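Note sheet for the following structure.
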Protein chains: 2
Amino acid sequence: MKNRTRQAIIDAAIDLLAGNPACSLGDIAAAAQVGRTTLHRYFAERADLLAAVGAEGGERLVRAATLADLERGTGAEALLRLCREYFDLGSLLSLMFSGQGGECWDSQDEQFLVRVIERGHNDGSIDPQLPADWVLSLLWSQLYAAWAYLGERKDSSRHQVLDLLTRTLANALAPGRS
Amino acid sequence: MKNRTRQAIIDAAIDLLAGNPACSLGDIAAAAQVGRTTLHRYFAERADLLAAVGAEGGERLVRAATLADLERGTGAEALLRLCREYFDLGSLLSLMFSGQGGECWDSQDEQFLVRVIERGHNDGSIDPQLPADWVLSLLWSQLYAAWAYLGERKDSSRHQVLDLLTRTLANALAPGRS
DNA sequence: CCGCGATGGAACAACTGTGTTCCACTACGA
DNA sequence: TCGTAGTGGAACACAGTTGTTCCATCGCGG
């Protein structure tokens, strides 16, 4: 099963690189339960593996965005649905946030999200005083915070943390009560 | 001026480590406009430099917390003042957030902040449904987001970004409008 | 049973970062 | 002028990572 092995390597790479972007290929190979030789057989250079990880990450992001059905409801509702889908991406979040997210983040996708936020500006569900790119920064940083929070405190359930995340994010984006 | 050199090295280390926690000592020495030999003369091992950076970071954090005068006003007001002070710490934020913040983060300081947040729970300025440690995660993640946002978009002024940060953080912490 | 694809291990050279030693240079005060 | 503290450069050995080559092993279908 060639694809099997390839996928195992990419999955392990995502997990390890999320925690330590400078981790060695030997560590990744070990985590994937694969010899370092085999890893090099699939990805000749480190850069090749990073590219594959970036591509995989990009796919997962697009898939999550599709699942979120961003056209439906108000801008804020769509963004919160996206937030829930992204939260399920797990350690990929750390990789996008701390690592070189530029590798897999398509500016086309970003433009799409900006339009969703602007929809929220117009329908009154997102404070128009918050620029769209600031809202995106906020989304990513809170996603990362929630993921890290879940990792540190094993006693809180995934659902509880997701609830905190959506509550604070929704509040942060809501227009003032004036 | 021995202290002069030492401080230049630490400052350069904070700036460079914030961007790349795995950067080489040679890079840090160059950024500090100091020979690598001199760097090793002040900090025999890499760990020694990291410890000094941690100590410096801890001092700056405590100083910022003191300036914020956390005993005054409601819990939320105190936290927002702290946020403003922390924002001025600049690249140190990245180091605390992405890097091994555990090096300089004193659990005693953390307990103090937890009490401030609990004060906010009691005086009605912070949503009691948000656990104190989640509020802290939120504070750090939004601080980091704001700092990164400012770094990417040189056209937005420090004041504008700080305004966005305090607005969204204040909203996120506010109790529900029910 | 044989061949073949996939794999893992061992060994290697090249490179980078680290820590050390030694020597030369400069500034400054006695 | 001399001595000394602070510094920088060159060179070295050492360790870890990387990329490569070669060979041995395992499973499976012909």
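Here is the naming used below: chain letters follow the sequence lines, and residue numbers restart at 1 for every chain. Please read these numbers as outputs of a predicted model, since none were measured by experiment.
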### Query
According to the ring pair (Phe, Tyr, Trp, His ring centres under 6.0 Å) rule, which pairs have a member within residues 62-94 of chain A, sequence neighbours left out?
A/Y86-A/W140
### Task
Using the ring pair (Phe, Tyr, Trp, His ring centres under 6.0 Å) rule, collect all pairs that involve residues 39-59 of chain B, keeping only residues at least two apart or in two chains.
none
In whole angstrom, give the distance that lies between atom [atom1] of [X] and atom [atom2] of [N].
X: A/L16; N: D/dT17; atom1: CG; atom2: C1'; answer: 15 Å
X: B/I9; N: D/dT7; atom1: CD1; atom2: C1'; answer: 11 Å
X: B/R46; N: C/dT16; atom1: CZ; atom2: C1'; answer: 13 Å
X: B/F43; N: C/dT18; atom1: CZ; atom2: C1'; answer: 16 Å
X: B/L49; N: C/dG17; atom1: CG; atom2: P; answer: 16 Å
X: A/R4; N: D/dG27; atom1: CZ; atom2: P; answer: 18 Å
X: A/L25; N: D/dT18; atom1: CG; atom2: P; answer: 4 Å
X: B/H40; N: C/dG19; atom1: NE2; atom2: C1'; answer: 5 Å

## Note on the structure
Note: A/R167 and B/L130 closest approach over all heavy atoms is CD-CD2, 3.6 Å
#### Entry: Shortest non-hydrogen contact from B/G120 toward B/D123
O-OD1, 2.9 Å
### Sequence-aligned protein contact record of nucleotides 4-10 of chain C, with B where the base is within under 4.0 Å of a protein heavy atom and S where only the sugar-phosphate is
--SBBBB
### Message
Regarding B/Q142 and B/T168, do their side chains bring together a donor and an acceptor under 3.5 Å, going by distance alone?
### Response
yes
### Message
Tell me whether the count of non-hydrogen atoms from other residues, nucleotides or ligands lying under 6.0 Å of CD in A/Q33 goes above 12.
### Response
no
## Note on the structure
Axis-to-axis angle across the helix from C/dC1-D/dG30 to C/dA30-D/dT1, five pairs each end, nearest 10 degrees, ~ 10°
### Message
Enumerate the side chain to side chain donor-acceptor pair (under 3.5 Å) contacts for residues 11-26 of chain B, please, sequence neighbours excluded, ordered by first and then second residue.
### Response
B/Q7-B/D11, B/D11-B/R60, B/D15-B/S91, B/S24-B/D27
#### Entry: ring-ring contact (aromatic ring centres under 6.0 Å, His included) partners of B/Y149, counting only residues at least two apart
A/W134
### Query
Under a 4.5 Å cut-off applied to non-hydrogen side-chain atoms, are B/V114 and B/D133 in contact?
no
